[in-house]
Number of protein chains: 2
Amino acid sequence: MEMDERKAKILQAIIRNYLETGEPVGSRTISKYTDLNLSSATIRNEMADLEEMGYIVQPHTSAGRIPTDKGYRFYVDTMMEAKEQELAEVKDVLLQRQDRLEDMLRSLVKFLAKDTQYATMITAPSVQKNRLKFVQLSRVDEHSYLAVIVMEGNIIKNRLLAVDEAIDDETLLKLNMLLNTQLSGMAVQDINLSIISRMKTQAGIHSDIISNVIDAVGEVIAEDEDLQVYTSGTDNIFRYPELADQQNASQLISAFEEKQLLGNLLIGESDESGEGPGTGIQVYIGGENASQSMKDCSVVTATYELGDGLRGTIGIVGPRRMDYDKVVGTLKTLQTKLDDIYGRKEE
Amino acid sequence: MEMDERKAKILQAIIRNYLETGEPVGSRTISKYTDLNLSSATIRNEMADLEEMGYIVQPHTSAGRIPTDKGYRFYVDTMMEAKEQELAEVKDVLLQRQDRLEDMLRSLVKFLAKDTQYATMITAPSVQKNRLKFVQLSRVDEHSYLAVIVMEGNIIKNRLLAVDEAIDDETLLKLNMLLNTQLSGMAVQDINLSIISRMKTQAGIHSDIISNVIDAVGEVIAEDEDLQVYTSGTDNIFRYPELADQQNASQLISAFEEKQLLGNLLIGESDESGEGPGTGIQVYIGGENASQSMKDCSVVTATYELGDGLRGTIGIVGPRRMDYDKVVGTLKTLQTKLDDIYGRKEE
DNA sequence: TGTTAGCACTCCATTTAATTGAGTGCTAAC
DNA sequence: GTTAGCACTCAATTAAATGGAGTGCTAACA
């Protein structure tokens with residue numbers, strides 16, 4: 001048996017209807033809902049076929065049909081119309097200062113949760129190139145010095161160092177010169193022992209503090225690697241009865257508590273084909289999710305880029321009967337806007 | 001009617017038992033559970049009295065008794081034994097570097113959630129004195145300069161400034177000198193217009209950038225004022241059936257999503273009497289909570305201090321039948337450990 | 001050969017009734 | 001003041017009855 005146009009139309013009608021209502025869809029409903037002008041009996045025959053083919057199932061003998069993962073998959077792959085979304089307000093969110101990236105991400109993920117009414121998550125962008133732009137050591141008080149580290153993409157990090165030895169202003173200036181001539185523009189993975197030992201030699205009696213700074217750089221990078229995940233709208237799962245029962249809700253909320261594990265969900269393989277909006281948008285339906293706790297959910301992920309190779313992932317989690325058209329549309333639109341803001345700059 | 005010793009013992013037995021089981025407690029149970037050697041009939045009489053006095057109620061005519069808010073209040077005020085808790089691991093958490101305060105708070109709140117099995121929250125400490133310690137402007141690249149602002153308590157903030165005019169190294173040095181001589185040690189609220197205009201005069205043609213830096217300082221302070229709240233263990237509410245039903249769970253999870261509102265819960269009035277561990281620990285039982293969404297919960301709050309006037313609040317949220325002894329004990333112990341680490345330093 | 005009306009059948013969901021049992025209040029005796 | 005005894009109450013559980021949405025199948029029709 002194979003999928004003909006009429007079957008596809010019926011399947012689409014079933015799915016559309018189920019997305020709206022969340023109730024199993026009967027043959028009579030479809031008979032009226034579509035413009036196919038077929039009696040419920042005919043629809044019943046077709047539905048029996050669609051069930052045999054695995055696109056829909058009955059929760060029990062005398063109920064209507066609901067889509068299977070395979071059904072949704074077919075819908076998403078061939079019938080979905082990702083409409084561009086109005087996201088006027090988001091522009092304000094995105095235009096927040098670059099040096100308040102965290103706030104921006106928090107606002108963004110909150111905005112998306114409110115807009116879509118699903119649970120949302122976003123990973124902080126991780127630097128692809130990891131190039132050092134600027135390093136500076138400053139005296140804060142007698143025994144504490146502040147190392148400021150700026151990376152490509154204007155990621156700024158601070159580390160406070162406890163230092164016993166006194167360093168006079170002139171030496172400090174020299175050390176800073178040394179740090180910047182050696183490290184500026186350098187890719188982090190290229191900082192090897194020979195460079196370090198050369199710097200230490202040049203620093204003379206202050207080689208200790210140079211080690212400290214370099215250690216700090218190492219730490220900062222490491223820190224950046226266990227990626228931060230921001231979430232919002234986890235309470236939205238209570239909007240969908242199929243997720244709101246105790247078992248499910250508990251599992252999902254727990255999953256959202258474990259940011260680290262969540263992150264792993266987001267950094268799955270992404271299609272690297274092409275450029276521009278729509279790239280890297282992925283839909284995981286029900287059982288397709290890597291995580292067991294998400295087996296009754298669908299997850300839509302999208303990569304985003306803030307320029308300078310700063311790349312992260314957004315995830316939107318809802319019930320299987322998520323409004324895929326809207327969610328994918330929203331993410332596409334968001335990507336477009338980000339492109340407008342950051343993409344252009346790069347050229 | 002008044003509370004005599006025997007009534008108190010019975011009330012205590014009822015509460016202890018209810019805390020454990022979560023089931024209404026009957027007279028027979030108490031008759032056996034206590035060493036009072038009284039028959040269930042006598043207990044029944046006493047229970048009737050306790051009910052009349054408002055310490056306990058029956059969920060329905062033929063059920064055992066459960067404590068009222070007033071009953072818990074009596075227990076907490078007069079019978080609780082806040083035992084010191086073993087919190088060996090927490091020391092590692094607390095000893096994290098000061099310049100990674102956020103990480104420390106996240107770890108701490110997570111630790112407490114795991115230890116107590118309740119939902120936890122913590123506000124980032126807000127600076128009481130708000131004194132500037134150090135300000136520095138550095139060139140990152142041609143058009144962007146970095147303002148580093150360090151406040152008393154080693155709170156470090158960064159702001160990236162876009163600057164059109166070129167500033168040579170020497171000028172930069174001078175500007176930094178100017179910034180620090182004028183601003184170091186200064187309380188933020190004392191930076192007034194006359195100081196600003198004096199600085200601008202001294203900066204000459206570079207007065208613009210000085211304004212920028214001062215604006216940045218203002219922003220940084222403002223930013224610090226809308227306090228960050230970290231939460232953990234919200235999934236723990238599902239451990240307690242009385243909180244886990246859809247209505248309640250949904251409300252609570254929503255409340256925990258709204259960090260800002262949560263914060264208000266935490267910064268209610270605190271008893272300012274005395275010093276040392278146990279100070280500023282507050283218990284809010286059921287309806288005593290300011291927030292409607294917490295009406296079926298009890299909240300225990302404690303202030304904490306990291307030295308240098310850095311003060312914040314911890315909150316632990318559980319069911320009414322929370323293990324008050326343990327929670328209060330845990331918070332006291334935590335305060336002691338913080339005192340050990342930070343308190344000593346100050347003298 | 002595809003479509004449709006008709007009908008018996010299935011099974012979940014909801015309502016109603018019956019049963020159980022923990023726990024009480026009250027009385028009367030100690 | 002304490003306690004045994006007993007009738008009573010009421011939530012919770014189990015069982016039975018009812019209703020209805022929706023199906024599959026058959027037979028007739030275009």
Item to complete: Answer yes or no: is there a side-chain heavy-atom contact under 4.5 Å between B:Tyr72 and B:Tyr55?
Response: no

Discussion item. Taking CD in A:Gln246 as the centre, count heavy atoms belonging to other residues, nucleotides or ligands within less than 6.0 Å. Is the count above 12?
Written reply: yes

Worksheet item: Counting only distance, no hydrogens or angles, is the base of C:dG2 paired donor-acceptor with the side chain of A:Arg44 under 3.5 Å?
Response: no

Worksheet entry | DNA chain D contacts among residues 45-62 of chain B, heavy-atom distance under 4.0 Å | B:Asn45, B:His60, B:Thr61, B:Ser62

Worksheet item: Who passes ring pair (Phe, Tyr, Trp, His ring centres under 6.0 Å) against A:Tyr230, sequence neighbours left out?
Response: none

Worksheet item: OP1 or OP2 of C:dT4 less than 4.0 angstrom from a side-chain nitrogen or oxygen of A:Arg28, does that happen here?
Response: no

Item to complete: Identify the residue among A:Lys295, A:Gln282, A:Arg73 that makes a side chain to side chain donor-acceptor pair (under 3.5 Å) with A:Glu288.
Response: A:Arg73

Discussion item. Which helical stems does DNA chain C take part in, if a stem means at least 3 consecutive Watson-Crick or G-U pairs with both distances below 3.5 Å?
Written reply: C:1-30 with D:1-30

Practice prompt. State whether a side-chain donor-acceptor pair under 3.5 Å links B:Tyr324 with B:Ser298.
Written response: yes

Worksheet, complete the sentence: In whole angstroms, the gap separating P of C:dA5 from CG of A:Asn37 amounts to 12 Å

Worksheet item: In whole angstroms, how far is the P atom of D:dG22 from the CD1 atom of A:Ile43?
Response: 14 Å

Worksheet item: A:Phe111: what forms a ring pair (Phe, Tyr, Trp, His ring centres under 6.0 Å) with it, not counting sequence neighbours?
Response: none

Practice prompt. Can you sort out the partners of A:Lys7 under side chain to side chain contact (heavy atoms under 4.5 Å, CB included), two or more places apart, ordered by chain and number?
Written response: A:Met1, A:Met3, A:Asp4, A:Glu46, A:Asp49, A:Leu50, A:Met53

Worksheet item: Can you check whether B:Leu112 reaches B:Ile314 side chain to side chain, under 4.5 Å on heavy atoms?
Response: yes

Discussion item. Below the 4.0 Å mark, does C:dG23 have OP1 or OP2 next to a side-chain nitrogen or oxygen of B:Arg65?
Written reply: no

Worksheet entry | Near-strand residues of residues 14-27 of chain B, defined as heavy-atom separation under 4.0 angstrom from DNA chain D | none

Discussion item. When you compare the side chain of A:Val300 with that of A:Met322, does any pair of heavy atoms fall below 4.5 Å?
Written reply: yes

Practice prompt. Round to the nearest Å and state the distance from A:Ile10 atom CD1 to C:dG2 atom P.
Written response: 14 Å

Worksheet item: Is the number of heavy atoms from other residues, nucleotides or ligands within 6.0 Å of CG (B:Asn37) greater than 12?
Response: no

Worksheet item: Have A:Ser40 and A:Arg28 got a donor and an acceptor in their side chains that come within less than 3.5 Å?
Response: no

